[in-house]
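Down below is the structure, laid out as structure tokens.
Order of the sequence lines sets the chain letters (A, B, ...), proteins ahead of strands, with each chain counted from 1.
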Amino acid sequence: MSVSVQQEDFDVGAETAALSAGRTDIGAIATFLGLVRGAEDSVRAMTLEHYPGMTEQSLAEIVTEAHQRWQLQGVRVIHRYGRLLPGERIVFVGVASPHRGEAFAACEFIMDYLKTRAPFWKREETPAGAQWVDARETDDKAAARWE
Amino acid sequence: MDLKILYFASLREALGRGEESLPLPEGVTTVGQLRAYLHARGDAWQALGEGRNVRAAVNQRMARSDDTLQGGEEVAFFPPVTGG
């Protein structure tokens, strides 16, 4: 399964290694790792809510679209939900391809689309209380450049 | 078949519920009309007003307000997504 939505942490090294395990035709693997960025005076924890079912389906569609756009040999997407603390891993995207160009582009494409299409919502705990994170216009712009 | 309606994140909190079922209301044939029907309940349902940034999905796919409903669908309303 190339897409996982889970509460548990994941092993970046193992996930990256699995993309090329048993193969000799892969020339490049690009990975992205997203972390909870915290600060004492701002974010102390974050809770990610999602839409079970639609989340997995939308991520799978994004991966399928990436395969249609580039010559890819393997894709792995993991996104966590639940309560996470600063420094914890949130999301992993790994892309294997013959050459680095495709791997870099597809990895960025998947993250840009994930940010605007996958039904996740972040709620931050700050010293002033908990609040839902507002969507950012820059994320829509980042996704739009692939259209 | 009843519609299954889901609410997520800040919208779920504002409405005080995450889910409900109801028959396709009279005169409602699109996602936008369903939203207007729910909005007309008043009070907390103002959160579904036209000026609010609300997205929708039908049967777990992103939907537009003119997408049609026939009854029996799973419809979700939620704020713009903020994952990643």
Side-chain angles (χ1 to χ4, degrees), chain A residues 3 5 32-37 43 46-62 77-82 84 89-93 107-124 129-140 142-143, chain B residues 1-22 30-32 34-35 38-39 44-84:
Chain A
V3 168
V5 179
F32 173 82
L33 178 64
L35 307 172
V36 179
R37 187 182 65 245
V43 180
M46 171 181 288
T47 300
L48 276 140
E49 177 173 330
H50 78 115
Y51 181 174
M54 180 171 168
T55 313
E56 291 82 353
Q57 190 172 309
S58 64
L59 292 176
E61 281 173 13
I62 293 166
V77 178
I78 306 172
H79 203 303
R80 296 176 69 192
Y81 64 90
L84 300 172
R89 288 174 275 271
I90 306 175
V91 58
F92 173 84
V93 176
C107 190
E108 196 166 21
F109 166 85
I110 290 168
M111 273 311 299
D112 284 347
Y113 266 35
L114 181 158
K115 283 220 158 240
T116 55
R117 292 190 182 182
F120 288 99
W121 300 274
K122 289 189 182 118
R123 191 171 194 266
E124 292 176 343
Q131 56 192 22
W132 292 95
V133 174
D134 284 327
R136 299 194 321 184
E137 203 179 316
T138 50
D139 289 335
D140 283 330
Chain B
M1 277 277 281
D2 281 0
L3 291 170
K4 180 179 177 188
I5 309 180
L6 304 174
Y7 308 101
F8 288 97
S10 55
L11 197 55
R12 173 179 52 75
E13 284 190 346
L15 300 175
R17 69 173 76 183
E19 183 176 340
E20 67 177 302
S21 290
L22 82 172
T30 67
V31 172
L34 177 63
R35 176 176 167 179
L38 296 168
H39 174 242
W45 298 90
Q46 306 284 343
L48 285 169
E50 273 184 32
R52 306 298 182 89
N53 205 347
V54 174
R55 306 291 165 89
V58 174
N59 292 334
Q60 305 192 350
R61 304 184 85 97
M62 290 290 186
R64 295 186 312 191
S65 66
D66 58 357
D67 285 353
T68 58
L69 297 173
Q70 297 178 323
E73 290 94 345
E74 178 175 301
V75 182
F77 292 102
F78 43 78
V81 303
T82 55

- [ ] Go through A:Arg123 and B:Glu13 one step at a time and tell me if the side chain to side chain contact (heavy atoms under 4.5 Å, CB included) criterion holds.
- [x] CA-CA 12 Å; A:Arg123 191 171 194 266; B:Glu13 284 190 346; 3.3 Å; yes

If one checks every heavy atom of A:Gln131 against chain B at 4.5 Å, the contacting part turns out to be neither

Looking only at A:Gly53, A:Ser58, A:Gly34, most heavy-atom pairs under 4.5 Å shared with chain B are made by A:Gly53

If one checks every heavy atom of A:Asp134 against chain B at 4.5 Å, the contacting part turns out to be backbone

Smallest heavy-atom separation, A:Val133 atom then B:Thr82 atom, equals O-CG2, 3.3 Å

In this structure, CZ of B:Arg55 is separated from OG1 of A:Thr116 (nearest 0.5 Å) by 9.0 Å

If you tally heavy-atom pairs under 4.5 Å between each of A:Tyr51, A:Phe120, A:Phe32 and chain B, the highest tally belongs to A:Tyr51

**OP:** Step by step, work out the side chain to side chain contact (heavy atoms under 4.5 Å, CB included) result for B:Glu74 and A:Met54.
**Re:** CA-CA 11 Å; B:Glu74 178 175 301; A:Met54 180 171 168; over 6 Å; no

In short, A:Ala135 meets B:Val81 closest at the heavy-atom pair CB-O, 3.9 Å

Under 4.5 Å to a heavy atom of chain A? For B:Arg12 that would be side chain

Angle between ring planes, B:Phe8 versus A:Trp121, binned at 30° and 60°: parallel, tilted or perpendicular? parallel

- Is it true that atom CZ of B:Arg61 has more than 12 heavy atoms of other residues, nucleotides or ligands lying nearer than 6.0 Å? no

